[in-house]
Amino acid sequence: MMDNEQDPYIWLEEVESPESIEFAKSANAKCLAELGDPSETETYKRVLTALQSDDRIPYVRMLGYDEDKGDMLLYNFWRDANNPKGIWRKTTMQQYQSADTKWTTVLDLDKLAEEEDISWVWKGYTALPRSLDSQSGGPMGRVTRVLLNLSRGGADATYLREFDLLTESFVDAENGDGFSLPEAKTRASYKSRDVLLVGADTGEDSMTSSGYPRTVREWKRGTSIKDAPIVFEGEKTDVSCGQYLLDESNREGGDVYEVQSRSISFYDRYTYVKKQSSSGDFVKLAIALNTGVSFYGKWMMIRVKADWDANDNGSDKTFKSGTFLYVDAESFLEFSKAKEDGDEDAIKNCKLDYHVLFEPTATTSYSGYSATKSYLILYLLDDVKEQLKFYKLGEGGGPFVQVGGDEEGQIRSVSASPVDAKTSDLIFETTSSYISPSKLVLADANKFGGDDYVVSELKSLPEMFDSSDLEVSQHFAVSKDGTRIPYFMISKKGIELDGSTPTLLYGYGGFEVSLGPRYVTSVGISWLERGGVYVEANIRGGGEYGPDWHQQALRENRNLCYEDFIAVGEHLVDSKVCTPQTLACRGGSNGGLLTGNMLVQAPDLFKAIHIAVPLLDMKRYHKLLAGASWMAEYGDPDTDDWNFLQKYSPYHNIDVNREKYPNVLVTTSTRDDRVHPAHARKTVKKLWDEGKGKDWPVYYYENMEGGHGGAADSRQEAFMTSLSYDFMWRALTDTLPTQE
């Protein structure tokens with residue numbers, strides 16, 4: 001097993017060196033020569049048509065009210081065949097409810113890219129809250145300014161540029177009027193119309209070793225960022241630090257909460273809060289470092305991720321991991337201040353009254369909430385099936401009262417996002433499932449459960465693939481340690497269980513990310529319509545059963561992710577859905593580490609493997625781009641952690657004595673500044689070199705744009721989708737060309 005000094009492929013870590021670029025270009029040419037040009041396939045054409053279809057739902061964000069008619073102003077970012085990079089556009093709620101919505105272009109990104117000769121990729125924006133803007137017109141006014149984030153080629157690092165929504169133009173930064181910053185992993189928000197709270201790359205020591213802001217500056221309009229005072233900072237070894245405002249002053253008993261957050265790992269952070277109405281300093285919250293905190297009116301909302309003992313929380317109750325609760329914010333700040341000061345008498349006098357909204361069971365978990373003016377809408381999972389629960393704020397800003405919700409979980413995706421959380425209880429509710437297209441309605445939280453809950457049926461996505469003969473089912477495999485592992489399977493109705501059906505197994509298993517039902521357009525076109533079976537495995541490392549499901553598979557227990565995934569694959573084989581000769585797997589990012597481990601740990605279980613934008617070298621991952629921020633997930637290879645890390649580092653576990661490996665496609669992006677492309681480059685080069693004279697069919701494609709998502713626009717996305725799915729289908733149907 002090699003160490004750093006013996007790594008002959010370390011030269012491929014130079015992202016844009018002539019040698020690395022030549023390697024990528026040569027590999028791309030070889031890949032397309034062997035597999036063909038994806039842009040000439042029927043898969044590409046159909047996927048691109050779907051991605052650019054005018055029938056897609058244009059999801060919107062409300063940014064205030066029209067000053068003349070008082071109608072809601074809705075903004076949408078849209079890509080299509082005529083606008084591959086996209087346009088930012090607006091309409092009104094009245095128009096949005098019509099079948100033929102009229103739009104007005106606010107910013108044309110294709111035109112901007114051409115004028116500035118930069119391949120701009122949209123990365124969203126941060127709005128100036130109306131409550132902080134003296135020129136907005138108040139709660140019924142409109143948002144006047146935003147901070148746009150534009151990426152060069154799809155990278156995570158962005159350029160920050162202030163944009164005026166009244167003039168629909170960039171605010172001139174040359175004369176000091178506008179805010180503008182060069183490319184970096186910047187974090188910025190408005191403190192007022194003329195002041196930003198900014199974490200930016202301002203030179204030496206301004207960023208952490210993970211590449212994120214280490215300092216926060218209070219930057220006044222018309223001054224230099226380097227002259228802005230530092231108001232908060234962390235350590236170089238931290239992941240990041242930030243500061244922002246949460247304005248809850250519109251709700252009874254609420255305030256403007258100023259929050260400082262210092263992330264010492266991916267999950268653990270110190271959180272400091274002060275109420276803007278108070279003259280006191282920031283108070284360090286007396287919570288476990290991995291606790292999630294937010295605010296609603298006078299309440300502090302708390303997601304517990306580790307059992308919280310009564311001795312630590314100022315009550316007579318212990319709350320178990322996965323619980324979601326709330327407490328009076330002012331009381332908790334007083335309790336935290338007493339704890340910080342070590343004032344035992346004050347601590348004893350702080351008997352806090354907690355209110356539990358959700359407590360997990362063996363099969364249920366909390367996954368988030370939405371907030372309207374008067375309601376909390378909780379998202380829950382029951383064996384990975386979604387439920388909504390509605391809670392209304394009590395009289396006088398008092399405790400929440402449950403007013404309705406789903407009786408049981410359903411195999412679907414549902415979101416209920418507020419139209420305007422400050423002034424309205426209207427929600428945009430979106431539903432879909434694996435084979436049911438998305439449907440968007442305007443609903444009124446006040447009417448939940450009634451016939452008049454749906455105010456207006458807004459938009460519906462037509463079927464993008466034929467699902468008339470498909471069905472969705474849930475199954476459970478048993479992992480090596482006896483744990484029950486759920487998975488969803490989409491297949492033809494009455495599928496013949498003879499092992500002959502090409503089957504694709506997808507997984508992720510990390511960072512508490514849950515997989516679940518949503519309309520799978522590209523999978524439907526590229527796989528299901530051909531007669532294939534598609535499977536998603538809800539393995540440990542994800543969040544499907546709450547924090548514990550994730551925490552079980554951290555660091556030295558990472559093997560559980562891979563054992564779970566293998567168990568699902570073996571269950572499919574044992575159930576005669578497929579055989580190893582008709583089974584493929586696919587995963588990206590952390591899922592690329594997963595499928596990379598399938599290559600080296602279970603090569604006889606799969607006929608084809610797609611490893612996308614992956615981590616693969618677990619000896620040096622923490623030294624490459626954002627890798628240092630993930631050590632809480634994986635471990636620190638510069639310590640004894642390497643003893644377990646080396647066991648699931650695919651780059652270090654290629655078996656030179658093995659004569660045959662399954663068909664492998666590895667893809668990445670030159671512009672991925674999150675997971676370094678060297679993970680893919682080095683592993684492929686090693687496979688090619690050590691596989692000479694052996695049956696190791698390995699294909700490699702590196703998109704020169706795209707960032708961590710792997711594609712910068714719809715054409716690139718269709719290209720990469722076609723390359724992947726056509727490769728796997730041909731491998732499982734024995735129609736791949738013989739690789740020389």
Side-chain angles (χ1 to χ4, degrees), residues 59 61-62 244 246-248 250-251 253-254 257 259 261 271 273 285 287 290-305 308 319-329 332 354-361 364-382 384-394 397-410 412-431 443-449 453 512-514 516 518 542-547 549-550:
Y59 294 103
R61 179 178 172 185
M62 187 269 202
Y244 53 92
L246 292 173
D247 187 357
E248 290 294 318
N250 63 300
R251 297 187 175 95
Y257 301 95
V259 182
S261 177
T271 304
V273 175
L285 295 185
I287 54 176
N290 64 351
T291 304
V293 171
S294 58
F295 294 88
Y296 186 100
K298 68 178 183 180
W299 303 108
M300 188 168 83
M301 319 302 297
I302 302 173
R303 187 193 182 197
V304 179
K305 291 191 176 183
W308 200 16
F319 303 107
K320 65 181 182 179
S321 177
T323 299
F324 183 61
L325 50 82
Y326 64 100
V327 66
D328 180 79
F332 194 83
Y354 291 95
H355 306 267
V356 174
L357 285 170
F358 172 79
E359 186 174 55
T361 67
T364 61
S365 65
Y366 162 86
S367 62
Y369 77 87
S370 295
T372 71
K373 179 184 177 183
S374 309
Y375 288 84
L376 280 184
I377 306 168
L378 266 60
Y379 302 90
L380 308 177
L381 295 177
D382 187 353
V384 205
K385 298 185 285 289
E386 289 203 355
Q387 291 178 284
L388 290 185
K389 299 289 186 183
F390 282 70
Y391 293 83
K392 186 173 183 179
L393 188 64
F400 292 95
V401 178
Q402 185 174 353
V403 294
D406 298 321
E407 293 297 323
E408 59 184 25
Q410 302 176 48
R412 62 165 186 187
S413 170
V414 59
S415 68
S417 58
V419 175
D420 183 10
K422 302 297 183 185
T423 66
S424 170
D425 288 319
L426 292 176
I427 56 176
F428 291 123
E429 184 175 284
T430 307
T431 55
D444 187 345
N446 291 295
K447 309 288 181 61
F448 183 82
Y453 170 62
E512 208 175 338
V513 173
S514 300
R518 78 277 175 217
E544 288 87 345
Y545 290 99
W549 193 248
H550 167 238

Which atom of [X] lies closest to which atom of [Y], heavy atoms considered:
X	Y	value
Ala421	Ala371	CB-O, 3.4 Å
Ile377	Ala416	CD1-CB, 4.0 Å
Arg251	Lys373	NE-O, 3.1 Å

_Which residues pass the ring-ring contact (aromatic ring centres under 6.0 Å, His included) test with Phe448, not counting sequence neighbours?_
Phe390, Tyr453
*Considering residues at least two apart in sequence or located in another chain, which fulfil the ring-ring contact (aromatic ring centres under 6.0 Å, His included) criterion with Phe358?*
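Partners of Phe358 by the ring-ring contact (aromatic ring centres under 6.0 Å, His included) criterion come out as none, since no residue qualifies.
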*Residues forming a salt bridge (charged side-chain N to carboxylate O under 4.0 Å, His left out) with Asp420, sequence neighbours excluded*: Arg130
So how far is it from [X] [atom1] to [Y] [atom2], rounded to the nearest 0.5 Å?
X	Y	atom1	atom2	result
Ser365	Phe324	OG	CZ	13.5 Å
Leu393	Phe400	CG	CZ	5.0 Å
Ile287	Trp308	CD1	CH2	7.0 Å
Lys422	Glu248	NZ	CD	4.5 Å
Leu426	Thr372	CG	OG1	9.0 Å
Lys298	Asp328	NZ	CG	6.0 Å

Non-hydrogen side-chain atoms of [X] and [Y] separated by less than 4.5 Å:
X	Y	result
Leu388	Glu429	yes
Leu285	Met300	yes
Leu357	Leu325	no
Met301	Leu376	yes

*Is Arg303 positioned over the aromatic face of Tyr366, cation under 6.0 angstrom from the ring centre and no more than 45 degrees off axis?*
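The answer is no; the distance or angle limit is not met.
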*Intermediate values then yes/no, side chain to side chain donor-acceptor pair (under 3.5 Å), Tyr244 and Ser261*: CA-CA 9 Å; Tyr244 53 92; Ser261 177; 5.8 Å; no
Do the side chain of [X] and the main chain of [Y] share a donor and acceptor less than 3.5 angstrom apart?
X	Y	answer
Asp425	Asn446	no
Lys305	Gly292	no
Ser367	Tyr379	yes
Trp299	Gly397	yes
Ser514	Gly543	yes

*Applying the ring pair (Phe, Tyr, Trp, His ring centres under 6.0 Å) test to His355, which of Tyr296, Phe319, Tyr326 qualifies?*
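Result: among Tyr296, Phe319, Tyr326, Tyr326 is the only option passing the ring pair (Phe, Tyr, Trp, His ring centres under 6.0 Å) with His355.
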*Assign the ring pair Phe295 / Tyr257 to parallel, tilted or perpendicular, where the plane angle (0 to 90°) is split at 30° and 60°.*
parallel
*Verdict with reasoning, Ile302 to Val327, per side chain to side chain contact (heavy atoms under 4.5 Å, CB included)*: CA-CA 8 Å; Ile302 302 173; Val327 66; 4.0 Å; yes
*asked:* Quiz question: by atom type and distance under 3.5 Å, do the side chains of Ser417 and Tyr59 form a donor-acceptor pair?
replied: no
*How far apart are the C-alpha atoms of Thr364 and Leu381, what are their side-chain angles, what is the distance that settles it, and do they pass the side chain to side chain contact (heavy atoms under 4.5 Å, CB included) test?*
CA-CA 5 Å; Thr364 61; Leu381 295 177; over 6 Å; no
*Hey, mind stepping through Tyr369 and Ser294 against side chain to side chain contact (heavy atoms under 4.5 Å, CB included) and telling me if it holds?*
CA-CA 11 Å; Tyr369 77 87; Ser294 58; 2.8 Å; yes
*Verify ring-ring contact (aromatic ring centres under 6.0 Å, His included) between Tyr391 and Tyr375, making sure each step is shown before the conclusion.*
CA-CA 6 Å; Tyr391 293 83; Tyr375 288 84; 9.9 Å; no
*So which of Lys389, Arg412, Lys385 actually passes salt bridge (Lys or Arg N to Asp or Glu O under 4.0 Å) with Asp406?*
Arg412
